[in-house]
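Everything below concerns the one structure shown next.
Since the model is a prediction, treat every value here as computed from it, not as a measurement.
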Amino acid sequence: QAQLVESGGGLVQPGGSLRLSCAASGFPLDLYSIVWFRQAPGKERAGVSCISGLDGNTYYADSVKGRFTISRDNAANMVYLQMSSLKPEDTSIYYCATDHRCKVVGGVVSTDSLTTWGQGTPVTVSS
């Protein structure tokens, strides 16, 4: 059974850092592009970053560019999201998801064709 499990969220002060992890089971992650998106309760889903399964290219939403870094370890079947210089507006539940390819439109990472995602990990940026 294909499954994704996110971890690494928590409470951090503004300006701090967190590293989120996405573990896959039941399928090899490198067959897919992987999207990190976030969604706070009552708000729309927003794509944050994507790493291509084809060539490893990375893509970021304008709102996180220069602060977040996505990476993957195919041998470990893991994808990571290193988040730095965190801001209160980064507070949300973060999810990783599979997609067939990365798409960025208007400075936003697309989440229109996600197939599988996990239960999410909460990130709170607050002093």
So which heavy atom on [X] is nearest to which on [Y], and how close?
X: T111; Y: A46; value: CG2-C, 4.4 Å
X: A24; Y: L29; value: CB-CG, 3.3 Å
X: P14; Y: S127; value: CD-N, 3.7 Å
X: W36; Y: L20; value: CH2-CB, 3.6 Å
X: V123; Y: M83; value: CG2-CE, 3.9 Å
X: S33; Y: H100; value: OG-O, 3.8 Å

Report task. Kindly write out the residues that satisfy ring-ring contact (aromatic ring centres under 6.0 Å, His included) with Y80, not counting sequence neighbours, or none if the list is empty. Result -> none
Quick check against the 3.5 Å criterion: does [X] have a side-chain atom that pairs as donor or acceptor with the backbone of [Y]?
X: S92; Y: Y94; answer: no
X: T91; Y: V125; answer: yes
X: N74; Y: N77; answer: no
X: T121; Y: G9; answer: yes
X: E6; Y: Q119; answer: yes
X: R67; Y: Q82; answer: no

Query - salt bridge (charged side-chain N to carboxylate O under 4.0 Å, His left out) contacts in which one or both residues fall within residues 29-45, not counting sequence neighbours - result: R38-D90
Query - Sequence neighbours excluded, every pair satisfying salt bridge (charged side-chain N to carboxylate O under 4.0 Å, His left out) that has a member inside residues 97-109 - result: D99-K103
Query raised in the report: For the residue pair Y32 and F27, is the inter-centroid distance of their aromatic rings smaller than 6.0 Å?
Result: yes
Query - Spacing of I34 atom CD1 and I70 atom CD1 [to the nearest 0.5 Å] - result: 8.0 Å
Query raised in the report: Taking atom CZ of F68 and atom OG1 of T58, what is their separation to the nearest 0.5 Å?
Result: 14.0 Å
Query - Residues in salt bridge (charged side-chain N to carboxylate O under 4.0 Å, His left out) contact with D62, at least two apart in sequence or another chain - result: K65
Report task. Output every pair passing disulfide bond (SG atoms under 2.5 Å apart) with a member in residues 2-93, not counting sequence neighbours, ordered by first then second residue. Result -> C22-C96, C50-C102
**Report entry** Set of side chain to side chain donor-acceptor pair (under 3.5 Å) partners for T115, sequence neighbours left out
**Finding:** T98
Report task. List the steps, then state whether side chain to side chain contact (heavy atoms under 4.5 Å, CB included) holds for I93 with Q39. Result -> CA-CA 5 Å; I93 301 174; Q39 185 169 22; 5.8 Å; no
Query raised in the report: Mind checking whether Y95 and F37 have parallel, tilted or perpendicular rings, split at 30° and 60°?
Result: parallel
Requested in this report: Answer with yes or no whether the hydrophobic clustering places V79 together with L114; edges join I, L, V, M, F, W, Y residues whose side-chain heavy atoms lie under 4.5 Å apart.
Outcome: no
